[in-house]
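Along the sequence shown, residues carry numbers from 1. Being a predicted model, the structure only gives us computed values, none of them experimental.
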Amino acid sequence: MKHIKYLTFLALSILGIAVLSGKAYAATDDEVTTLYNKGVATQKIDSSQYSLSDFKEFVQEAETNLGVQSGNSKISVESFLELDNYGAMPDGSSPYSKSSTSSNIYRAPMLRASSSRKTTFTNKIQKGDILIIGGTFGHAAIATTNKYVLEMPGGGNIVNWLWTQLKDNNSQKTKTHWIDYWSKKAGKNKIQIWRPKDKAMREKVANYADYRFWSSTHSLTKNRHINYQIIQGTSGFNPNYCSRMVWQSFYHGSGNKNVIQTSTAGLTYIFPCALVNTFTSKYRPYKVGTY
């Protein structure tokens, strides 16, 4: 973790950048199967909802975007997978909407376009909910009211994500606008609602997120202007990135309740699909729905 090349790799992992500093390393089928079994053994992967074939597809995407070789030593995607929940959604399911057998998941991409399904999913979103998008490029956001969703969407020139920043990137959308936008942008990647236990706590956190990352007066007009950048550590509010902002909202906004595991304050990066893993068991979010 302290080695500069490894830190760079982790940052690039989040960004999904392919670094052409040598021949890309491709894991063998046996290595991928071993990684899959490790994910199952550590209960990050639910084999009934996340098939080996989907895992292989995710690893291939990760290798295309992240797998690099520096000099004569390969930088394995294994460390990335461990930090990114093995590519699985927080419930251990596939990051893709196309292959799950769960009745709570809209399997066929064409069903995602159904206005009734979209409306049903959107209406489930409540204040304090965490919205998570799967896939190599994962994303996370928080509902600050029963109507609005707050996020750091990134986008633009990827170079800015690491070094020069994306200026004034914090964004607020109605939940209808949010799901319309991300259901198209996410493609085959799954979108889920996760609801932390304790309604009073999550509403308090939502108020904090609105105050800290949108408006100090709780106005619809933004007066907090936060730049987007993938940075190490969990302290400091500006610059920020999607899942780190959500994590900070619960870490700082929950008061003296033991909502977030204190050890996670020492993490180098917070990955979207691993967000749920940072909660204590008492307050661990539960899945509300999948789109």
Pair K173 + D180: basic N to acidic O under 4.0 Å =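 Result for this pair is no, no salt bridge flagged.
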Verify the distance criterion only: is there a donor paired with an acceptor across the side chains of [X] and [Y] at less than 3.5 Å?
X	Y	result
W247	T264	yes
E151	W178	yes
N169	N227	no
S48	D46	yes
T280	Q261	no

Y283 six-ring face occupied by R202 cation (under 6.0 Å, within 45°) =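 No, R202 does not sit over the ring of Y283.
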Is it true that the NZ or CZ of K190 lies under 6.0 Å from the centre of Y96's six-membered ring and within 45 degrees of the ring axis?
->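 Because its charged atom misses either the 6.0 Å distance or the 45° angle limit, K190 does not stack over Y96.
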For [X], check salt bridge (Lys or Arg N to Asp or Glu O under 4.0 Å) against everything at least two apart and list the hits.
X	answer
K44	none
K56	none
R195	D129
E203	none

Which residue, D210, T144, N207, forms the side-chain hydrogen bond (donor to acceptor under 3.5 Å, both in side chains) with K127?
->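 Between K127 and the candidates, side-chain hydrogen bond (donor to acceptor under 3.5 Å, both in side chains) is satisfied uniquely by N207.
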Is the number of heavy atoms from other residues, nucleotides or ligands under 6.0 Å of N223 CG greater than 12?
->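 Atom CG in N223 is packed in, count exceeds 12.
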Which residues satisfy the ring pair (Phe, Tyr, Trp, His ring centres under 6.0 Å) test with H252, sequence neighbours excluded?
->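 With neighbours one apart ignored, the set is F237.
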Residues clustering with Y148 (ILVMFWY side chains joined when closer than 4.5 Å, directly or via others) |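 Members besides Y148, by chain and number: L220.
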